[in-house]
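Working notes for the structure below.
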Amino acid sequence: MKKIIILMAVAVLAPMGLYAQKEKSVKETDVPARYVKDFHNQVKEAQDVVWTMTADSVYFTATFINSDADRQALRFGPKGTETRYYVDAKYYPHAIKDSVAHQYPRHKIDCIYICNTKGKSTYMARIYRKKGFLFFKKECDVKMASFETNGKLIEVLDEE
């Protein structure tokens with residue numbers, strides 16, 4: 001049952017733009033061979049792998065379910081590889097939730113992940129607010145907020 005719920009969550013969240021740049025789904029065959037090779041060398045037991053690329057074709061991201069049944073992603077680009085560990089909503093750090101509620105009271109947290117790049121870890125939170133009427137609401141004012149591991153806000157960028 002847990003795997004079904006996780007698969008459903010991945011199916012719903014994978015197509016959403018979870019990054020500061022818009023991304024679109026691509027087939028593994030459209031990803032540069034060096035990234036595919038690095039992915040398969042780093043992750044042996046990945047399930048439900050979804051590849052995306054940024055609109056400028058610079059970054060390629062493999063989002064997947066790891067062997068512990070947790071959602072994870074590897075983002076490949078010219079400056080190296082970034083590892084993303086998605087945090088379940090019930091484990092969101094209180095400091096981050098409080099900071100978002102205080103500084104952006106009309107926004108909601110879409111997702112939080114731990115971003116590990118070259119040995120340095122930070123929290124990234126995608127926040128948004130909804131605009132519209134009844135069932136015709138859409139996300140607007142979408143931002144990516146980065147936090148130190150102690151919950152201190154580093155910067156907030158508008159999503160393009």
Side-chain angles (χ1 to χ4, degrees), residues 6 9-28 30-32 34-36 38-39 42-43 46 48-66 70-133 136-160:
I6 290 171
V10 169
V12 170
L13 294 176
M16 292 182 183
L18 297 177
Y19 313 111
Q21 296 178 339
K22 298 281 185 197
E23 295 197 353
K24 66 176 185 172
S25 291
V26 293
K27 296 177 184 174
E28 189 172 285
D30 298 329
V31 178
R34 67 183 185 277
Y35 296 153
V36 174
D38 285 351
F39 173 74
Q42 292 181 37
V43 184
D48 303 321
V49 180
V50 176
W51 283 93
T52 56
M53 93 176 160
T54 55
D56 57 8
S57 302
V58 174
Y59 296 98
F60 292 84
T61 306
T63 305
F64 59 96
I65 304 297
N66 64 20
D70 294 324
R71 187 164 161 241
Q72 189 176 338
L74 292 176
R75 187 172 200 195
F76 300 94
K79 295 182 181 178
T81 303
E82 174 182 289
T83 305
R84 297 175 175 184
Y85 304 95
Y86 289 87
V87 179
D88 192 290
K90 62 185 171 189
Y91 300 117
Y92 285 173
H94 290 288
I96 293 174
K97 292 192 308 188
D98 293 344
S99 179
V100 170
H102 177 71
Q103 294 185 19
Y104 298 94
R106 297 176 60 200
H107 284 70
K108 294 183 180 191
I109 297 174
D110 179 39
C111 72
I112 294 178
Y113 57 87
I114 300 167
C115 180
N116 188 326
T117 307
K118 296 182 181 177
K120 183 179 181 207
S121 295
T122 56
Y123 281 100
M124 298 295 293
R126 182 179 188 271
I127 61 174
Y128 67 96
R129 62 185 179 92
K130 289 221 174 193
K131 185 177 183 181
F133 181 71
F136 302 103
K137 292 186 177 186
K138 68 175 191 169
E139 292 181 356
C140 65
D141 196 20
V142 181
K143 301 180 182 303
M144 288 298 296
S146 59
F147 295 86
E148 293 178 358
T149 53
N150 64 3
K152 181 181 175 192
L153 182 65
I154 299 170
E155 70 176 335
V156 177
L157 300 172
D158 289 328
E159 187 174 89
E160 297 174 355

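Note that the coordinates shown come from a computational prediction; the quantities given were computed from them, not determined experimentally.
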Legend entry - Side-chain heavy-atom pair Val43, Leu74 within 4.5 angstrom cut-off: yes

Inset, instruction - Please tell me if the side chains of Leu157 and Lys143 come closer than 4.5 Å, counting only heavy atoms from C-beta onward. - result: no

Inset, instruction - Write down the atom of Lys152, the atom of Asn150, and the distance for their closest heavy-atom approach. - result: N-OD1, 3.0 Å

Inset, instruction - Grab the two heavy atoms, one from Val49 and one from Phe39, that are nearest each other, plus how far apart they are. - result: CG2-CZ, 3.9 Å

Inset, instruction - Answer whether the closest heavy-atom distance between the side chains of Met53 and Val31 falls below 4.5 Å. - result: no

Inset, instruction - Measure the spacing between CG of Asn66 and OH of Tyr86 and express it to the nearest 0.5 Å. - result: 12.5 Å

Inset, instruction - Could you go through the side chain to side chain contact (heavy atoms under 4.5 Å, CB included) check for Thr52 and Lys24 one step at a time? - result: CA-CA 5 Å; Thr52 56; Lys24 66 176 185 172; over 6 Å; no

Legend entry - Carboxylate-amine/guanidinium proximity below 4.0 Å for Arg75 and Glu23: yes

Inset, instruction - Would you check if the side chain of His107 reaches a backbone N or O of Asp141 as a donor-acceptor pair within less than 3.5 Å? - result: yes

Legend entry - Rounded distance [0.5 Å steps], CE in Met124 versus CD1 in Ile96: 10.5 Å

Legend entry - Gap separating the OH atom of Tyr85 from the CG atom of Asp70, nearest 0.5 angstrom: 10.5 Å

Inset, instruction - Determine whether Lys130 and Cys140 make a side-chain contact, defined as any pair of heavy atoms from C-beta on separated by less than 4.5 Å. - result: no

Inset, instruction - Search all heavy atoms of Cys111 against all heavy atoms of Tyr92 and return the closest pair with its distance. - result: CA-OH, 3.4 Å

Legend entry - Glu139/Lys108 salt bridge by N-O under 4.0 Å criterion: no

Inset, instruction - With the side chain counted from C-beta on, respond yes when Tyr59 and Pro78 share a heavy-atom pair under 4.5 Å apart, and no when they do not. - result: yes

Inset, instruction - Mind checking the CD-OG1 spacing from Gln42 to Thr81? Nearest 0.5 Å is all I need. - result: 5.5 Å

Legend entry - Closest contact, heavy atoms only, Tyr123 versus Ile112: CD2-CG2, 3.8 Å

Inset, instruction - Kindly assign one of parallel, tilted or perpendicular to the pair Tyr35 and Phe60, based on the angle between their ring planes and the thresholds 30° and 60°. - result: tilted

Legend entry - Separation of Arg129 CZ from Tyr104 OH (nearest 0.5 Å): 12.0 Å

Inset, instruction - First locate atom CD1 of Ile114, then atom OG of Ser121, and finally report the distance between them rounded to the nearest 0.5 Å. - result: 7.0 Å

Inset, instruction - Applying side chain to side chain contact (heavy atoms under 4.5 Å, CB included), run through Thr122 and Phe147 and close with a yes or a no. - result: CA-CA 6 Å; Thr122 56; Phe147 295 86; over 6 Å; no

Legend entry - Heavy-atom pair with the smallest gap, counting every atom of Ile109 and Tyr128: C-CE2, 4.3 Å

Inset, instruction - Kindly give the heavy-atom pair with the smallest separation between Ala95 and Gly151, and that separation in Å. - result: CB-CA, 3.9 Å

Inset, instruction - Would you mind reporting whether Lys131 and Lys137 have side-chain heavy atoms less than 4.5 Å apart? - result: no

Legend entry - Trace of the side chain to side chain contact (heavy atoms under 4.5 Å, CB included) decision for Arg126 with Val142: CA-CA 7 Å; Arg126 182 179 188 271; Val142 181; 3.5 Å; yes

Legend entry - Within-4.5 Å side-chain heavy-atom neighbours: Gln72 and Thr83: yes

